[in-house]
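Counting begins at 1 with the first residue of the sequence.
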Amino acid sequence: WFALGLVLATALIVIQRYVFGYASTKLAESVIYMHAGLFLFASASTLLQGGHVRVDVFFARMSARGRAWVDLLGTYLALIPMSALILWSSTGYLNSTWRILESSRESDGLAFVFLLKTAIPVFAILMILQGASMAARAAMTLANQPSPALPDTIEGEV
């Protein structure tokens, strides 16, 4: 929905600016909010679907156990520590932005900067949770246990 909103808002901005000579700060800032929401809130789902960038030259040729080792080590050595660092480093400014209910620097801008900044630690939490799920699935593969099936829409069956 963020992607659709992003396309519509951008088209509206272009039409307003070049056809009517009008610019809306709120609409322009909403594009920033939707762009951030699109990437921050969809990252964990993209990880679940295997859509994040990885070096598939080696990964695709590995056995299921080899891929499980890469997923398990990558999760505990990179994903969870980096997400924890993002979560830890965002708490200071998050507290201050909520304390003052920070709004746009522009007088006619959106009054929700504090919500936009809240998306950062939410992103980190979602990534940690998805990483834990991914690590558990990899551990089950390494233990020769069957992994629970992914939802049908994730595996490509609609």
Side-chain angles (χ1 to χ4, degrees), residues 1-10 13 25-62 64-143 145 147-156:
W1 289 108
F2 281 131
L4 177 61
L6 191 57
V7 169
L8 294 175
T10 303
I13 288 170
T25 304
K26 286 184 178 161
L27 194 57
E29 287 183 0
S30 74
V31 168
I32 295 168
Y33 283 58
M34 286 184 278
H35 188 261
L38 176 65
F39 285 95
L40 293 174
F41 296 137
S43 291
S45 175
T46 303
L47 181 61
L48 174 64
Q49 296 177 24
H52 282 274
V53 176
R54 62 168 79 212
V55 183
D56 280 337
V57 174
F58 302 110
F59 190 79
R61 295 180 185 177
M62 292 180 164
R65 289 182 62 82
R67 287 191 301 267
W69 273 112
V70 169
D71 284 343
L72 189 67
L73 294 173
T75 298
Y76 285 118
L77 297 177
L79 177 71
I80 291 177
M82 183 55 69
S83 296
L85 178 64
I86 291 169
L87 182 61
W88 174 78
S89 65
S90 67
T91 55
Y93 74 82
L94 186 65
N95 290 335
S96 64
T97 195
W98 270 89
R99 192 175 322 112
I100 62 171
L101 296 177
E102 185 177 1
S103 62
S104 175
R105 293 179 183 180
E106 302 296 327
S107 60
D108 59 340
L110 295 174
F112 307 116
V113 172
F114 64 99
L115 291 176
L116 179 63
K117 289 183 176 182
T118 301
I120 296 169
V122 170
F123 153 78
I125 291 167
L126 290 172
M127 291 299 285
I128 289 169
L129 292 173
Q130 183 55 49
S133 170
M134 201 167 100
R137 184 173 295 278
M140 290 179 78
T141 299
L142 292 172
Q145 298 293 320
S147 300
L150 293 172
D152 290 342
T153 55
I154 302 297
E155 292 178 353

Practice problem: For a side chain to side chain contact (heavy atoms under 4.5 Å, CB included) with I120, tell me which candidate from I125, L94, I86 qualifies. | Solution: I86
Practice problem: Sequence neighbours left out, what passes ring-ring contact (aromatic ring centres under 6.0 Å, His included) with F2? Give chain and number order. | Solution: none
Practice problem: Return yes if some donor-acceptor pair links the side-chain N/O of R137 with the main-chain N/O of P148 below 3.5 Å, else return no. | Solution: yes
Quiz item: Just wondering, are more than 12 heavy atoms of other shown residues or ligands nearer than 6.0 Å to CE in M140?
Solution: yes
Quiz item: Which side-chain hydrogen bond (donor to acceptor under 3.5 Å, both in side chains) pairs, counting each pair once, include a residue from residues 76-96, with sequence neighbours left out?
Solution: none
Quiz item: Residues two or more places apart in sequence or in another chain: which of them pass side-chain contact (heavy atoms from CB on, under 4.5 Å) with L101?
Solution: W98, F114
Exercise. Could you tell me the separation between the OG1 atom of T97 and the NZ atom of K117, rounded to the nearest 0.5 Å?
Key: 4.5 Å
Practice problem: Name all residues meeting the side-chain contact (heavy atoms from CB on, under 4.5 Å) criterion together with A119; count only those two or more places apart in sequence or in a different chain, and write none if there are none. | Solution: L40, F41
Exercise. Please identify each residue that fulfils side chain to side chain donor-acceptor pair (under 3.5 Å) with T46, with sequence neighbours left out.
Key: none
Self-check item: Distance-minimising heavy-atom pair for P121 and L87
Solution: CB-CD1, 3.6 Å
Quiz prompt | side-chain contact (heavy atoms from CB on, under 4.5 Å) partners for A9, two or more places apart | solution = L27, S30, V31, M34
Would you give me the side-chain donor-acceptor pairs under 3.5 Å for residues 106-113, sequence neighbours excluded?
from	atom 1	to	atom 2	distance (Å)
D108	OD1	T25	OG1	3.3
D108	OD2	T25	OG1	3.2

Quiz prompt | Contact list for residues 119-133, test salt bridge (charged side-chain N to carboxylate O under 4.0 Å, His left out), sequence neighbours left out | solution = none
Quiz item: What pairs with I100 under side-chain contact (heavy atoms from CB on, under 4.5 Å), at least two apart in sequence or on another chain?
Solution: E102
Exercise. Of all the heavy-atom pairs spanning T141 and S147, show the shortest one and how long it is.
Key: OG1-OG, 3.7 Å
Self-check item: Non-neighbouring partners of S104 that pass side chain to side chain donor-acceptor pair (under 3.5 Å), sequence neighbours left out
Solution: E29
